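Since the model is a prediction, treat every value here as computed from it, not as a measurement. Any value given below was found using the heavy atoms of this structure, including those in side chains, with hydrogens, waters and symmetry copies removed.
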Number of protein chains: 2
Amino acid sequence: MKATTERYRTLGIKLTPQRLAILECLDGNKSHPSAEDIYKEVLKRFPTMSFATVYNTLEVLREKGGVQALTIDPDRMRYDPDTMGHHHLICQRCRKVVDVHSDVKVDIPEDMAHGFEITGSHMEFYGLCPKCKAKED
Amino acid sequence: MKATTERYRTLGIKLTPQRLAILECLDGNKSHPSAEDIYKEVLKRFPTMSFATVYNTLEVLREKGGVQALTIDPDRMRYDPDTMGHHHLICQRCRKVVDVHSDVKVDIPEDMAHGFEITGSHMEFYGLCPKCKAKED
DNA sequence: GTTACTGCAAAGCTTTTGCATCCCT
DNA sequence: AGGGATGCAAAAGCTTTGCAGTAAC
């Protein structure tokens, strides 16, 4: 059994060919794809694939912790199969997103937490990616 | 002349009663309102106010640096008149957003920048606000 | 056999745009 | 006076939903 299938099962959801294709598309994907990116990719293998199935599956995966929804793009949701804590570099010109795995522990002082019970954190670094920086001149 | 009016002029945009109302609504506003929040608020004083005017004005203000657009809410854009670098606490249940002004310098090691030219950063802390934490039990 | 997923289409929301009119400078 | 903003409505883009048929368990 493929590793992807195995991991899928551990999520405790019904396994379908479409869902398997979506998970394989996400597997190790560092491009932070949008739902449409995933749809287009999976469409190559499943010409009858529905957009609704992509959204439904992503929502289920998100609930089960199989994918992380990122709000880093003003225009659309982005998805990240890497659900371990990490941060992101975002190109403000072309919207490219790159992972930043940092050991730096991000903590907030107790007196600034305003009574919140903090469960996670995320750092975003904005700037220009190498390609867009080159075009700038 | 009111301080708000004065600051508005320094942005170099045409001053209208509607725009003034929007800026006054934003002035010192710590609630990180959505466009609709602002629309509803301004509607009280300008019953003929158009949604398009709110969006147009927010876009102009954003370009001129008079307001910051936040992508911290999956459902809608949020706006923040505080354009000085600061971070946010976000309640994942009710979407309440609270400012975090921290002196902690947020920097990324050169070797993790992936060639990006970094122009800014933003930290998000997720969790439950006091009210939602109380309901949790 | 049941449960629940798929696919299609339509609807829902937020945000944008076109255009005629009006108003600030 | 002229350029730009307003207001209205319609459109656009992303995402969700209802439903009948179908596949996974």
Point to revise | Length of the line joining Asn56(B):CG and dA9(D):C1', which is rounded to integer Å | key: 14 Å
**Study point:** SB check Glu24(B) Arg45(B) (cutoff 4.0 Å)
**Key:** yes
Exercise for review: Provide the closest heavy-atom pair for Val97(B) versus His32(B) in the form atom of the first, atom of the second, distance.
Suggested key: O-ND1, 3.2 Å
Review point. Whole Å only: how far is the OH atom of Tyr55(B) from the P atom of dA5(D)?
Key: 19 Å
Study note, to complete from the structure: Glu41(A) meets the side-chain contact (heavy atoms from CB on, under 4.5 Å) criterion, sequence neighbours left out, with Cys25(A), Lys44(A)
Review point. Is the distance between the ring centroids of His101(B) and His87(B) under 6.0 Å?
Key: no
Exercise for review: Report yes if some heavy atom in the side chain of His86(B) is under 4.5 Å from a heavy atom in the side chain of Asp80(B); otherwise report no.
Suggested key: yes
Review point. Parallel under 30°, tilted from 30 to 60°, perpendicular over 60°: which one fits the rings of Tyr39(A) and Phe51(A)?
Key: parallel
Point to revise | Phe51(A) vs Arg19(A), nearer the 5' end of DNA chain C by closest nucleotide | key: Arg19(A)
Check your understanding: Is it true that Asp75(A) and Arg95(A) have a side-chain N and a carboxylate O under 4.0 angstrom from each other?
Key -> no
Review point. What is the distance, rounded to the nearest whole Å, between atom CZ of Arg62(A) and atom P of dT16(D)?
Key: 9 Å
Review point. If each of Arg76(B) and Phe46(A) is mapped to the nucleotide of DNA chain C with the nearest heavy atom, which maps nearer the 5' terminus, i.e. the 5' end?
Key: Phe46(A)
Extract from the structure each pairing of a protein N or O with an N or O of nucleotides 22-24 of chain D at less than 3.5 Å, listing the distance.
| residue | atom | partner | partner atom | Å |
| --- | --- | --- | --- | --- |
| dA24(D) | O3' | Leu15(A) | O | 3.0 |

**Study point:** His122(A)-His122(B) aromatic ring centre distance below 6.0 Å
**Key:** no
Practice item. Name the nucleic acid region contacted by Asp75(B), choosing base, sugar-phosphate or nothing; use a 4.0 angstrom heavy-atom cut-off, strictly under. Key: sugar-phosphate
Point to revise | Between P of dT16(D) and CD of Glu63(A), the distance in whole Å | key: 11 Å
Practice item. Name the first nucleotide and the last nucleotide along DNA chain C (5' to 3') that come under 4.0 Å of a heavy atom in chain B. Key: dT14(C) to dT25(C)
